[in-house]
There are 2 protein chains.
Amino acid sequence: MARRSAADGASLQRRTIKEVAARAGVSPATVSRVIGGTYPVAAATRARVRRAMRELDYVVNANARALVAATSNTVAFVVNDVTGPFFAHIARGVEEQATAEGRLCLVCTTHGDPDRELALINLMREQRAEAVILVGGVPETPEYQDRMAKLAHALDGSGSRLVLCGRPALNGDVPQTVVEYDNEGGAFAMTSYLLSAGHERIALLGTVDGLPTSTGRIHGYERALRGRGLPVDPGLMVKGPFAREFGYRATRDLLDRKAEFSAIFAMTDMVAAGVLFALREAGVRVPDDVSVVGFDDIPLAEDLFPALTTVHVPHEELGRAAVRMALNRSEHGGGQYLKMGTHIVIRDSVGPARS
Amino acid sequence: MARRSAADGASLQRRTIKEVAARAGVSPATVSRVIGGTYPVAAATRARVRRAMRELDYVVNANARALVAATSNTVAFVVNDVTGPFFAHIARGVEEQATAEGRLCLVCTTHGDPDRELALINLMREQRAEAVILVGGVPETPEYQDRMAKLAHALDGSGSRLVLCGRPALNGDVPQTVVEYDNEGGAFAMTSYLLSAGHERIALLGTVDGLPTSTGRIHGYERALRGRGLPVDPGLMVKGPFAREFGYRATRDLLDRKAEFSAIFAMTDMVAAGVLFALREAGVRVPDDVSVVGFDDIPLAEDLFPALTTVHVPHEELGRAAVRMALNRSEHGGGQYLKMGTHIVIRDSVGPARS
DNA sequence: TTGAAAGCGCTAACAT
DNA sequence: ATGTTAGCGCTTTCAA
């Protein structure tokens, strides 16, 4: 395999605008004008410059441009974990919209570490990223609001924009762009659907304290029950992480302690995957014996058995909107807050309650 | 929501090294030394500079640094589609290794368009990305070798490195780093496993002409059959894209035309998902009536029903290795080619052939 | 329409 | 240990 030492500068043929200028017999300024294309240059001259660029295999130095322009045409995408179940679809939305707007896309992961999140945001300030998109919810610790508000101001001061995607707005007058979706409404609709199928004892698996995503879903669940005059049984609400493994364990527990329920509302599809596995293992049929629903509508959902009835979240659109709003805000000066709707997707995991 | 017009330069407080220097009562060079940390600075001075930086909320301008350093500490990750089933795990490997080596990660998508791939590689040249990692296989058209060789040289000339990840090496003396995995061996092992379970009529679903990934897998399949003195029946090998939908259709066809087979080897797990769906729909039990296996070991595989026996590909390690090799090549001057092993993962979708 | 020159923010000799 | 100076490659006045 051919190699060339990274240190072997002599062999590097990075052409500059000057070399192109010399070859085309014009000044560097003219070459710059041809590149930029926003300034009148005689057709003949332009042709010569173009040819020189081609012959020398010239490519502009984006860093030099960014230095002058004081912006880097870059959007940063900060996420907990790239392998997260819906990361991919938000990422697609972000990437496509960024590309459509002529921007490049940086990706970083925090692994849920607030310190790392902070460090990354500063790194993005260094990069002069035009927008820093934080994806997914995080538990709101006491310091959270303060810390994020500071970061938002710091980014704003650097000409960059903090974007919260799938996370509620910060309190107060903070420079932020927020794109969230309706957790409460989705959970309400789903719970109502289960109720109308006759289920009155619905276990809610995977609630997380302080996580707004979780709180919203719980509220929707409770509102639907109360609307029918049904009690909210704390014994049916089980705390736990948004993970497959938790769904499995929690379901086993429920079964072991012979809890009374006819349906399980898993707080996420990943949790639902674990629930289904545990039920199958225990010989409980879905949806004949127990109905199961999830939340998120990740790609996996329709491949589960039975295909999972769940709440659809418009992940790709969230990503798209995040970029669009962050980049075009000065134009319409418009609203920098958007809450997208969610809706249930009915598949095969819900049946009528057995009387 | 507080806003600040993007054009409102006056309110931007991007501090420069000069301002810090002035505030700390030193020269810009000293500040630079404090930032870099690679040069001796008196402790007292450093403290003053640090404080000035903090007070002004200074952050270095990565673009200015990159301009001087002639490199941008960036690695580019070029992929067909971010929602691809194993993208996420390669991405994790790339991102983590890049972070570990102090690099940032750019992500771009080609949507399978060769022109866009070319444009992206040039864009990465502009960015002075240290490595451009092309992920996943593509069909080798006649021009492919030539075009890629040119790009490899162009990147090399710009001090960047072309990395082929999950794609075979280019012919000839091309500056490239290649990290692939053993398609042939994996398919051979899997076919052998099916054979040893008594399956002799194994349908191979989803072969793609000219796609090296596919070719390798086919070879492994054929080698295993021939090794047992069994014929390769072209009627059991069905061409089609690596997609769920294809797996579904192809299986229906197989069933409709009453093809004779006891096992299905889906070329990818996504295809296998479609296969399982079609079989379930047709009332064919897995693995009692028909055994099914896949290739890739995507996260979905173990959530399928029955959990899918498949060939594991070390996606994350591939990503990691790609970055590591590309960045550290001059040091050991070592091999820039690596083929990782694959192995089968036995789950629940294979049973003994019925006699 | 084109060229000359200044400067973006930083680093790296070269002085001191 | 610190300051001075000269660029890195580009864009953008300002002149011509």
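All chains are named by letter (A, B, ...) in the order of the sequence lines, taking the proteins before the strands, and each is independently numbered beginning at 1. Keep in mind that the numbers below use all heavy atoms, side chains included, and drop hydrogens, waters and symmetry copies.
The shortest distance between the side-chain N/O atoms of A:Thr30 and the OP1/OP2 oxygens of C:dG3 is below 4.0 Å. Side-chain nitrogen and oxygen atoms of B:Arg65 include at least one within less than 4.0 Å of the OP1 or OP2 phosphate oxygen of C:dT11. Here B:Thr45 reaches the OP1 or OP2 of D:dT2: one of its side-chain N or O atoms lies under 4.0 Å away. Within the structure, every side-chain polar atom (N or O) of A:Tyr39 is placed at least 4.0 Å from both OP1 and OP2 of C:dG3. Not one side-chain nitrogen or oxygen of B:Arg33 sits closer than 4.0 Å to the OP1 or OP2 atom of D:dT2. The shortest distance between the side-chain N/O atoms of A:Thr16 and the OP1/OP2 oxygens of D:dG9 is not below 4.0 Å.
Summarising the geometry, the separation between CZ on A:Arg15 and C1' on D:dC8 is reported as 17 Å, rounded to the nearest angstrom. If you take CG of B:Asn63 and C1' of D:dT11, they are 14 Å apart, rounded to a whole angstrom. With rounding to whole Å, B:Asn73 atom CG is found 16 Å from C:dC10 atom P. In this entry the distance linking CD of B:Glu126 with C1' of D:dG9 reads 13 Å, nearest Å. In this entry the distance linking CE of A:Met53 with C1' of D:dC10 reads 14 Å, nearest Å. In this structure, A:Asn61 places its CG atom 6 Å from P of D:dC10, rounding to the nearest Å. For the pair A:Ile17 CD1 and D:dT11 C1', the computed distance is 8 Å after rounding to whole Å. As a whole-Å value, the separation of A:Arg14 CZ from D:dC8 P is 13 Å.
Contacts of A:Val26 with the nucleic acid, taken as non-hydrogen atoms under 4.0 Å apart, involve only primed sugar atoms and P, OP1 or OP2. Counting any heavy atom pair closer than 4.0 Å across all strands shown, B:Val60 reaches sugar-phosphate atoms only and no base atom.
Ranking C:dC10, C:dC8, C:dA4 by closeness to the A:Val68 side chain, first place goes to C:dC8. Taking every side-chain heavy atom of B:Val41 into account, D:dT2 is the closest of D:dC10, D:dT2, C:dA12. Considering only the side chain of A:Ala42, C:dT1 comes nearest among C:dG9, C:dC8, C:dT1. The side chain of A:Ser27 approaches C:dG3 more closely than any other nucleotide in the set C:dG3, D:dG9, D:dT4.
Side-chain contact check for B:His89 and B:Glu317: no donor-acceptor pair (N or O, by modelled atom type) lies under 3.5 Å.
Taking the ring centroids of B:Phe77 and B:Phe87, they lie under the 6.0 Å cut-off.
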For side-chain contact (heavy atoms from CB on, under 4.5 Å), just list the numbers for B:Val20 and B:Thr16, CA-CA rounded to whole Å, side-chain angles, deciding distance to a tenth of an Å, and then say yes or no. CA-CA 7 Å; B:Val20 175; B:Thr16 73; over 6 Å; no

Would you sort out whether B:Thr177 and B:Arg161 count as a side chain to side chain donor-acceptor pair (under 3.5 Å), showing the intermediate values? CA-CA 7 Å; B:Thr177 295; B:Arg161 184 76 177 180; 2.8 Å; yes

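Annotation: cation-pi pair B:Arg33/B:Tyr39 present, NZ/CZ under 6.0 Å from the ring centroid and within 45° of its normal.
Heavy-atom nearest nucleotides on DNA chain C were determined for A:Pro28 and for B:Ile35, and the one closer to the 5' end corresponds to A:Pro28.
Two residues are said to be in side-chain contact when any heavy atoms from C-beta on lie closer than 4.5 Å; B:Asp156 and B:Leu162 fail this criterion.
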